[in-house]
Amino acid sequence: MADIITTEQPLSGWDKPDLDLSQADWQSGSQGAGDVQIAFVEGFIAMRNGRRPESPSLIFSPTEWRAFVMNARHGEFDLT
């Protein structure tokens with residue numbers, strides 16, 4: 001499970017660096033039509049709501065990202 005981070009105030013006990021996302025190259029899913037955007041920054045993967053880019057981003061290590069993607073592909077997060 002990922003934690004939420006903002007660049008202004010790192011969380012206490014946060015085991016990831018305080019990433020500067022201001023210059024991140026955000027990419028949209030669903031061929032540009034999706035609300036989810038990701039960026040690869042300093043060896044981590046940041047994910048945010050593309051409709052509200054000012055909102056906090058989720059930060060994943062490569063291991064966490066792989067687990068998230070694999071579980072999503074297998075329907076773990078399907079809410080229907």
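Only this structure's heavy atoms are used, side chains among them; waters, hydrogens and symmetry mates stay out.
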### Query
Roughly how far apart are Ile38 CD1 and Arg48 CZ, rounded to 0.5 Å?
11.5 Å

### Query
Once you round to the nearest 0.5 Å, how far does CE of Met47 lie from CD of Gln37?
11.5 Å

### Task
Look up atom CZ in Arg66 and atom OG in Ser61, then write down how far apart they are to the nearest 0.5 Å.
12.5 Å

### Rounded distance (nearest 0.5 Å) linking atom CD of Glu42 with atom CG of Leu19
5.0 Å

### Message
For a quick test of reading the model, state the closest non-hydrogen atom pair linking Ile45 to Pro62 and the distance between them.
### Response
CD1-CA, 4.0 Å

### Message
Determine whether Phe60 and Phe68 satisfy the following criterion, ring pair (Phe, Tyr, Trp, His ring centres under 6.0 Å), listing intermediate values before the conclusion.
### Response
CA-CA 9 Å; Phe60 296 88; Phe68 171 76; 5.4 Å; yes

### Query
Roughly how far apart are Phe44 CZ and Ser57 OG, rounded to 0.5 Å?
14.0 Å

### Residues forming a side chain to side chain donor-acceptor pair (under 3.5 Å) with Asp25, sequence neighbours excluded
none

### Task
Would you please name every residue forming a salt bridge (charged side-chain N to carboxylate O under 4.0 Å, His left out) with Glu54, sequence neighbours left out?
Arg52

### Message
Give me the atom names and distance for the closest heavy-atom approach of Ile59 to Leu21.
### Response
CD1-CD1, 4.2 Å

### Query
Are Leu58 and Met70 connected in a single hydrophobic cluster, I mean Ile/Leu/Val/Met/Phe/Trp/Tyr linked by side-chain heavy atoms less than 4.5 Å apart?
no

### Query
Closest approach of Arg51 and Pro53, non-hydrogen atoms and distance?
C-CD, 3.5 Å

